[in-house]
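For reference, the structure is listed below as C-alpha cells.
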Amino acid sequence: MIDFFSMKKFIFVSGGVCSSLGKGVAASSLGALLEGRGLNVRMVKCDPYINVDAGTMSPYQHGEVYVTDDGAETDLDLGNYARFTSSPLSHANSITTGQIYDAVIRKEREGRYLGRTIQVIPHITDEIKRRIHDVSNESPDNDVVIVEIGGTVGDIESIPFLEAARQMIHELGRNSALSVHLTLIPEVAGAELKTKPTQHSVKAMQELGIQPDVLICRSPAMLDDATRRKIALFTNVENEAVIVSYDVKTTIYQVPLIFHEQKLDQIALKKMGVETRHADLSAWYSMMDKFNARRGKVRIGVVGKYMELHDAYKSIYEALFHAGLACGVEMEIVKIDSAKLEAAANLDEAMGDESGVPVDGVLVPGGFGGRGVDGMAQAAAWARTRKTPYFGICLGMQVMVVEWARNVLGWKNAASTEFAHDTEHPVVSLLEDQIDTQMMGGTMRLGNSESRLHEGTRLKEAYSEAVIHERHRHRYEFSNRYRSDMAASGLIISAVTPDDALVESVEWPDHPWGVGVQFHPEFKSKPTAAHPLFTAFVKAAIESSHRGN
Ligand code: GLN
C-alpha cells in the first residue's frame, strides 16, 4: 500500500448531457492509469434502477449480465472494470437502488431505526455510503475506490447516489474525494463543436452541491486550447483538468493512453495529494503495438438471438477481439441471427457475411428461451460437418449435445427440457434434485467453480492445466443418463466437476476444433491477457481459413 496520510481516497464518476457516453470506459481507464501508478484500485458501479440485480433484466433492455466469481449477476460495466483493471469484483462492487431500499426496509422491519421516520436523507444515503466504505475497507491495502454513478445528472433516479457522493466529498474533504464528470461536446452542422451542453451539465452538478474537479469531454475530435479554456472558465474547473476523450479510430483500449497523454493520472494524484510516481503503462503500450502489428483478418460468425444489440454479447465480442490481438489478426465479427437460419434456403450463404463468403469459425454464445435454438443447432451441424472451428458457450455447448443426439445418434426429437418438456430424449435437462425447486422459481448455478480437464483434449491443450476455475450461469445440464451413449458414439467429454457429477465440456472427434463449455470464459478475458480458450479457437479458425475451408 502507498502511505499517503493513510487516507482512503474516493473518485466519483458521473455523467451528463446524455447516456452512452462511455462512462464505464472512462472510469475503467482512470482505474487502469492509477494502477499503472502503483495504487490499489477498487471499482464500484451504482445503478439507479430498482431491480435488485441485473439477473432478471432482458439483454435487449440492458445488455449482457456480467457474472462475478461469487455469482453476482451484475451490470455489464463490471465487465469493463475486469478488462481494464485488476480490481477484484464481487457482490460488493455492484450497488443498485433495489439493494439499497431492500436493506433499509429490512432494517426498518427489524426495528433497527428505533422508531425514527425513514427518509432518503439520511437513511438511503447512509446505506449507499456504507456500501462504498465497505469496499474501501475490505482490505487495508485499498488505496482508491472509483465509484461510477449510472444514469445522467438530472435523472430523478440517480439523485440519492449523487447526494451520497456530495456528502462524502464534504465529509472527507476535496483531497480525499474527487468528482470526475463526463459530458458530451456535440458537433453541429458546419462542423462546430459546442460547449454549451457541458456548461449546463456542470451547472446541474453544481445545483446538487458538487463542483466537478475533472471534466472528461467526449468529443468527435481533440479540442483546441481556446475551447478547453472556455470550458474551464464557465465551469470552475482548472484548464489542465479539462480532459478530452475524442473518438478513437483504433480501439477503446487506447483510451487510458489518451488520458495519460493529457496527464489525467498526474492531475488526479495531485488533487488527492498523492506523491507523483513513475507511470508503468507498458502493458497498454505493448497491447497497442500488437494492435498496430496485426496482419490479415479472421471472420468469426457469432450465432445468437440478440443480434441487434451489440451490448447483449459484449464480453463475447471483446474476448474475440482480445484473441485476435493475441493471434496477430484483425477480428471481423459476423453477427448471424439464429432465428433467420431456421428459414435459410442456403446454409453456406447464411453462415457468411453480406457477400455470402462462409465464416472461418462459429461461436454460439449463452442464452435463455427457445427462440432461435434450432437455428443454433443448424449452425453447429454446419460447423461439425464442414469441419469449421466451433466454440459453444453455455447454451452453445448444450446445442452441441442436442445436435449430436439428433444427427449422429439419430434421435430426431432430442432436445433440452428447457425448450421441450416432454421430449423422448432429454439430453440436456435439470438435475434430478433440481426438479422440485424448479417448481418454486428455479435455481441457477452461478459463479466460480472448479473443473477437471481430461488428458488429450483440446481443452487441456488450450489451458495447459489440469484444474481450472470458471464462472457459471445456467440451470440446465448435460444429462448424465446419456453419458455412455454420447461417449460410445464418439462425443468427447473433456471436463467434469471434481466429483465427476456434472459434465463441463464436450468436444467433437475428428474435427479441427469443436469445443463446447458449460461455463463462461468470456468474463475473464482481457486485452492485455486474452483468454486461452478464445485464443485456441481463433487460432484454429485462422488455420482453417488458410486451408480454404
Ligand atoms: N438456458 C440455458 C440454461 O439455463 C443456458 C444458459 C446460458 O447460456 N447462460 O442452462
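In listed order, ligands and their atoms are each counted from 1. Along the sequence shown, residues carry numbers from 1.
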Any chance the rings of Y482 and W411 have centres within less than 6.0 Å?
yes
Measure from the ring center of W284 to the ring center of F84 and say whether it is less than 6.0 Å.
yes
Here the atoms of ligand 1 under 4.0 Å from any heavy atom belonging to R473 are 6 (C), 7 (C), 9 (N)
Measuring from non-hydrogen atoms of M444 to any atom of ligand 1, is the shortest distance under 4.0 Å?
no
I'd like to check which ligand 1 atoms, numbered from 1 as shown, lie under 4.0 Å from a non-hydrogen atom of H520.
9 (N)
Tell me whether E477 reaches ligand 1 (any heavy atom closer than 4.0 angstrom to a ligand atom).
no
Using heavy-atom distances only, which candidate in G366, P365, G367 approaches atom 6 (C) of ligand 1 most closely?
G367
Between F391 and F534, what is the ring plane arrangement, given parallel below 30°, perpendicular above 60°, and tilted in between?
perpendicular
Please determine which of H91, E127, R131 meets the side-chain hydrogen bond (donor to acceptor under 3.5 Å, both in side chains) test together with Q99.
R131
Among protein heavy atoms, which lies nearest atom 4 (O) of ligand 1, and at what distance?
R475 N, 3.0 Å
State whether the shortest distance between N or O atoms of F368 and N or O atoms of ligand 1 falls below 3.5 angstrom.
no
For H322, the option from F537, Y253, Y317 that meets ring pair (Phe, Tyr, Trp, His ring centres under 6.0 Å)
Y253
Test of ring centre spacing under 6.0 Å for Y49 and H62
yes
What are the atoms of ligand 1, with element, lying closer than 4.0 Å to any heavy atom of E418?
1 (N), 2 (C), 3 (C)
Run the numbers for me: atoms of ligand 1, each under 4.0 Å from some heavy atom of C394, listed by number.
5 (C), 6 (C), 7 (C), 8 (O), 9 (N)
Look at R406 together with E403 and state whether they make a salt bridge at an N to O cut-off of under 4.0 Å.
no
Mark up the atoms of ligand 1 that fall under 4.0 Å of a heavy atom belonging to Y476, in ascending order.
3 (C), 4 (O), 10 (O)
